[in-house]
Amino acid sequence: PFTCPTCKGSRLKPEALQVLIRGKSVSDLGAMTIEELYNFVKTIELSETEATICAEPLRQVRERLRFLNDVGVGYLTVD
């Protein structure tokens, strides 16, 4: 099978792969299991400014990941 040398199989533009959240790209986060990703976002430490900016989206992501983990699909990956 052919793997794209630019995106390395993530199917994302290089610009999207340059955005990092605590050192992890969107592709890295998508490759985590739901349980791993939930633990990552549950324990992420943010500055006061970051917390203000992303409070609501982060709350929603945490809720949805918690729900998926609670119903037993924590072994699945987001991608």
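- Applying the side-chain hydrogen bond (donor to acceptor under 3.5 Å, both in side chains) definition to pairs two or more places apart or across chains, those involving residues 6-26 are Arg22-Glu50, Ser25-Asp28.
- In plain terms, the two heavy atoms of Cys54 and Leu46 that are nearest each other are SG-CD1, 3.5 Å.
- Residues Phe67 and Val41 share a single hydrophobic cluster, defined by chaining ILVMFWY side chains whose heavy atoms lie under 4.5 Å apart.
- The CD1 atom of Ile53 sits 7.5 Å away from the OG atom of Ser47 when rounded to the nearest 0.5 Å.
- For residues 65-79, the set of pairs meeting the side-chain hydrogen bond (donor to acceptor under 3.5 Å, both in side chains) definition, not counting sequence neighbours, comprises Arg66-Asp70, Thr77-Asp79.
- In this structure, Ile21 and Ile44 have side chains that are in contact, with non-hydrogen atoms separated by less than 4.5 Å.
- Leu17 and Leu29 end up in different hydrophobic clusters when Ile, Leu, Val, Met, Phe, Trp and Tyr side chains are linked at under 4.5 Å.
- Expressed to the nearest 0.5 Å, how far CD of Glu63 lies from OH of Tyr38 amounts to 9.5 Å.
- Shown here are the salt bridge (charged side-chain N to carboxylate O under 4.0 Å, His left out) partners of Arg62, two or more places apart in sequence or in another chain: there are none.
- The one candidate from Val61, Leu65, Leu68 that meets the side-chain contact (heavy atoms from CB on, under 4.5 Å) condition with Leu37 is Leu65.
- For the residue pair Ile34 and Val73, the shortest heavy atom distance occurs at CD1-O, 3.5 Å.
- Crowding of Glu48 atom CD: a count of heavy atoms from other residues, nucleotides or ligands under 6.0 Å not exceeding 12.
- Shown here is Glu56, whose CD atom has more than 12 heavy atoms of other residues, nucleotides or ligands within 6.0 Å.
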